[in-house]
Amino acid sequence: MDEHDARDWWEARYAGSEGIWSGRVNAVLAAVAADLPVGRALDLGCGEGGDVVWLAAQGWTATGVDLSATAVARAGRAAAAAGVDGRTTFVAADLATWAPEDDERYDLVTASFLQSWPVEIPRAAILRRAAGFVAPDGHLLVTAHAAPPHGDLPEEMRAYRFPTPEEDLAAVLGSDEATADDPAAGGPAAGGPAAWAVLSAERRPRTTTTADGTTHETEDSVVLVRRRA
């Protein structure tokens, strides 16, 4: 599906509900950011803004980008309610083509569960572009579902192929396997593998609990890299 299909699908999903996500920060992001000096952060696929609001509350100047205008509007209201709207910016845009104004670079770029099914997005290309938004000595964190996040996926979603840490790392670093089929995947200059220190590329087990108390064992893919100064 093209970008308009994905935008329409996600806009309809957000518009059809008062809220989709918990509003809580992703635990992997919270743990990583706790060890970093506060600076400028960029959240790709920010949804309703939970991660951006949390980062701003910790002192970061944080920008969130999402395909859905409804999600971005909710994120802005969440930031205002938390009293951090002065340190947050939200943009409704297609991550396959969006770029920061004035070639701004960020100390932390994060993508938490930037996955789309049953509609597709050019995910490898987006991650490759994300690498180009990282400042020298900055970090890029990609957290993804590496297995079904719950046990009752609808039938139309069962064909989704969950990424591995190795695949996400290859996308970030721009290996031939990750980018050869997508001429847009190069994005901004990211410097190639030699420009990066790989701090983590692993699967992490996690237990999820639904509203009715049912638990489900799943796995996340976590990739964390630092751009060499």
### Task
Check the pair L36, H139 against side chain to side chain contact (heavy atoms under 4.5 Å, CB included), reporting the backbone distance first and the verdict last.
CA-CA 9 Å; L36 300 178; H139 292 76; 3.5 Å; yes
### Query
Short question: side chain of R123, backbone of L114 - any donor-acceptor pair under 3.5 Å?
yes
### Message
Would you compute the distance between atom CH2 of W9 and atom CD1 of I121 and round it to the nearest 0.5 angstrom?
### Response
11.0 Å
### Query
For L42 and L108, what are the C-alpha separation, side-chain angles and deciding distance, and is it a side chain to side chain contact (heavy atoms under 4.5 Å, CB included)?
CA-CA 6 Å; L42 172 65; L108 173 62; over 6 Å; no
#### Entry: Qualifying residue, where the test is side-chain hydrogen bond (donor to acceptor under 3.5 Å, both in side chains) with S112 and the options are D43, D51, T143
D51
### Task
Would you indicate whether the side-chain heavy atoms of W196 and R227 approach each other to under 4.5 Å?
yes
### Query
In terms of hydrophobic clusters joined by side-chain contacts under 4.5 Å, are V91 and Y106 together?
yes
### Query
Considering all heavy atoms of both residues, which atom of G39 and which atom of D107 are nearest to each other, and what is their separation?
CA-OD2, 3.4 Å
### Task
Keeping the roles fixed (side chain from R7, backbone from A69), state whether a donor-acceptor pair exists under 3.5 Å.
no
### Task
Mark yes or no for whether R203, through its side chain, and D220, through its backbone, hold a donor-acceptor pair below 3.5 Å.
no
### L44 reachable from F90 in the ILVMFWY side-chain graph, under 4.5 Å edges
no
### Message
I need the full list of side-chain hydrogen bond (donor to acceptor under 3.5 Å, both in side chains) pairs touching residues 71-87, with sequence neighbours left out, sorted by first then second residue.
### Response
E48-R74
### Query
Does a side-chain heavy-atom distance below 4.5 Å link V72 with V65?
no
#### Entry: hydrophobic_cluster_shared for V38 and V84, side chain cutoff 4.5 Å
no
### Distance, nearest 0.5 Å, that separates CD of E219 from CZ of R206
10.5 Å
### Query
Looking at A75 and V53, what are the two nearest heavy atoms and their distance?
O-CG2, 4.5 Å
### Query
Do the side chains of V52 and L141 join up, straight or via other hydrophobic residues, at under 4.5 Å, putting them in one cluster?
no
### Task
Could you walk me through whether L140 and L127 pass the side chain to side chain contact (heavy atoms under 4.5 Å, CB included) test, one step at a time?
CA-CA 9 Å; L140 171 59; L127 294 182; over 6 Å; no
### Query
How close do S221 and T164 get, heavy atom to heavy atom, and via which atoms?
OG-C, 3.7 Å
### Rounded distance (nearest 0.5 Å) linking atom OG of S116 with atom CD1 of I126
9.0 Å
### Query
Counting N and O atoms only, with roles assigned by atom type, does the side chain of R105 sit under 3.5 Å from a partner on the main chain of V134, one being a donor and the other an acceptor?
no
## Note on the structure
Shortest non-hydrogen pair, P165 vs A201, comes out as CB-C, 3.7 Å
### Task
Please list all pairs passing the side-chain hydrogen bond (donor to acceptor under 3.5 Å, both in side chains) test where one or both residues lie in residues 55-70, with sequence neighbours left out.
E11-S68, E11-T70
### Message
If I compare all heavy atoms of F133 with all of W98, which pair ends up nearest, and what's the gap?
### Response
CZ-O, 3.7 Å
### Query
side chain to side chain contact (heavy atoms under 4.5 Å, CB included) between T110 and V28: does it pass, once the steps are laid out?
CA-CA 10 Å; T110 181; V28 175; over 6 Å; no
### Query
What pair of heavy atoms forms the shortest contact from R226 to L199, and how long is it?
CB-CD1, 4.2 Å
